[in-house]
Amino acid sequence: MNVTIVDYQSGNISSVINSFTEVAKDKVNLEVTSDIKKIKVSDKIVLPGQGSFKSCVDSLNNINGLVDTLKEFAITNKKPLLGICVGLQMFADVGYEEAETKGLGWISGKVSRINNQNGKFKLPHIGWNEIEIQKESKIFKDIKNKSHMYFVHSYEFIPEDKSVISATTEYSSKIVCSIERENLFGTQFHPEKSDKTGLKIIDNFIKL
Amino acid sequence: MLKNRIIPCLDVKNGRVVKGINFVELKDAGDPVEQAKIYSNGGADEICFLDITASNENRDTIIDIVRKTAKECFVPLTVGGGVRTIQNITDLLLAGADKVSINTAAVKNVDFVKDASKKFGSQCIVVAIDAKKVSEKKWEVFTHGGRNKTGIDAVEFAKQVEANGAGEILLTSMDKDGTKSGYDVDLLKAITASTNIPVIASGGVGTLDHLYDGIVKGGASAVLAASIFHYGEYKIKDAKEYLNSKNVSVRL
């Protein structure tokens, strides 16, 4: 099986590479690339994302044909894709970090700054928080409700269709922290930094 | 609910772990990669490496340590010490660090914080502030491991780095560091009350009660400690169980 981590020159993806390498061992062929030909023949794709919504979208658009290739992979061909942090946020129609920016538009919704109730909650939301599982998700196999995951973000994805939400976390309000719609998966938290529980989520995705 | 973090810090010099008593008199105590693994397996919420001689010496040793550690520890890794350029940050992140902490370079030029957070995202830019009390309720920023006075007010500087995109503040009391007499709670309170980003308390932990004070009295989002964990007085688990018993929420 070929799993590709999309390296589109946006932010630091070393930890994603390290954790997938740890889980994949010899079972899976792991590629880290933005080469469209390689992405097309992958079985699964991981779309990481760090920095702002705008910088990530801009970086994706900078690579000729990448957005179309990802869309064909995930939307037309319905092959498994996991978005992490801003990687998930980019599924939305629009994001408001830095400037209003058009997202991939795969799952209707927007990405807005967390309402921190006038400074009552510090932003970024950094650290370990419990996830509340809202529906069964293939990547949550053997993951207990209220497991701790590592978060670092100031913006949240608000999907229109709430049925895509697979988990939320409590920080000033219920924040969407995981989604599943058919072959599309996304986590706002960082499984690659969430210790053994996070590695289990990666393992679940690889074993899909 | 967001948990309060416990972060063991490993001071590294020439590829070996040391812990300074008031930043002098260093004791050698182990291999950083092994130490980090022990902490990570023991429930540390993050790991912090501080390259204490980076200002003067070769930085390649720390890059190599970060690379090895990042392959074995799957909790966030922060690296500080001698981070002066965008290239330094790129090198550390590529080696596997999740965050870098900037100290002297931020004081010299706060635009560096802005440039770095713009390029890499606020989530990976920690500004380390070393502060010393100068009068009642007044603290000043020091650099170069506490050797150089800057004349800059610590509270004002904290607000300034927040405005320039720092994602977190790592606040060390130079008066308390190495004394084991507890954090400077007043300093913590002053900084946490005037900023809206998470503050990590550092400098002075000698007992588990000090961790409690940092979080509950000082308002810190995370507590950093070195020697109480490093010399085996307490395990990370002891600290967490203690805090939990006092109704401070931690990741157990």
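Just so it is clear: chains get the letters A, B, ... in the order the sequence lines come, proteins before strands, and each one is counted from 1.
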Counting only heavy atoms from other residues, nucleotides and ligands, does the tally under 6.0 Å from CG of N64(A) exceed 12?
no
Side chain, backbone, both or neither: which part of H125(A) has a non-hydrogen atom closer than 4.5 Å to chain B?
side chain
Nearest heavy-atom contact between V152(A) and Q123(B) is CG1-CB, 2.9 Å
Heavy-atom proximity to chain B below 4.5 Å, by part of E130(A):
both
Note, K71(B) side chain near I17(A) side chain (heavy atom, < 4.5 Å)
no
Checking heavy atoms, do the side chain of K120(A), its backbone, both or neither come under 4.5 Å from chain B?
neither
Can you tell if the side chain of E22(A) reaches within under 4.5 Å of the side chain of E72(B), non-hydrogen atoms only?
no
More than 12 non-hydrogen atoms from neighbouring residues, nucleotides or ligands closer than 6.0 Å to CD on E136(A), yes or no?
no
K237(B) atom NZ, neighbour heavy-atom count above 12 within 6.0 Å
no
I197(B) side, atom CD1; L123(A) side, atom CG - distance, nearest 0.5 Å
10.5 Å
Shortest non-hydrogen pair, N41(B) vs K196(A), comes out as OD1-NZ, 4.1 Å
Among L199(A), T21(A), T169(A), residue most engaged with chain B (heavy-atom pairs, under 4.5 Å):
L199(A)
Which atoms of C73(B) come close to chain A, meaning under 4.5 Å heavy atom to heavy atom: side chain ones, backbone ones, both, or neither?
backbone
Test item: W128(A) side-chain N/O and L2(B) main-chain N/O as donor-acceptor pair under 3.5 Å
no
Tell me whether S14(A) contacts the main-chain N or O of L94(B) through its side chain, where contact means a donor paired with an acceptor under 3.5 Å.
yes
Let me confirm one number: the OG-NZ distance from S52(A) to K118(B), rounded to the nearest 0.5 Å.
8.0 Å
Verify the neighbour count for atom NZ of K144(A): are there more than 12 heavy atoms of other residues, nucleotides or ligands below 6.0 Å?
no
H148(A) and R251(B), any side-chain heavy atoms less than 4.5 Å apart
yes
Given that the side chain runs from C-beta out, which part of S19(A) has a heavy atom under 4.5 Å from chain B: side chain, backbone, both or neither?
both
Flag the pair F74(B) / K193(A) as yes when at least one side-chain heavy-atom distance between them is below 4.5 Å, and no otherwise.
no
Side chain, backbone, both or neither: which part of T90(B) has a non-hydrogen atom closer than 4.5 Å to chain A?
neither
Name the residue from I89(B), L92(B), L93(B) that meets the side-chain contact (heavy atoms from CB on, under 4.5 Å) definition with N12(A).
L93(B)
Of all heavy-atom pairs between I126(A) and P198(B), which one has the smallest distance, and what is that distance?
CD1-CG, 4.2 Å
Answer with side chain, backbone, both or neither: which region of A97(B) has an atom nearer than 4.5 Å to a non-hydrogen atom of chain A?
backbone
Sub-3.5 Å donor-acceptor pair from the side chain of K122(A) to the main-chain atoms of T195(B), do we have one?
yes
Determine whether more than 12 heavy atoms belonging to other residues, nucleotides or ligands lie under 6.0 Å from atom NZ of K79(A).
yes
Are any non-hydrogen side-chain atoms of M1(B) and Y171(A) less than 4.5 angstrom apart?
no
Can you confirm whether K141(A) is buried at NZ, in the sense that more than 12 heavy atoms of other residues, nucleotides or ligands lie under 6.0 Å from that atom?
no
Closest non-hydrogen atom pair between G167(B) and P124(A), with its separation:
O-CD, 3.5 Å
Decide if atom NZ of K217(B) counts as having more than 12 heavy atoms of other residues, nucleotides or ligands within a radius under 6.0 Å.
no
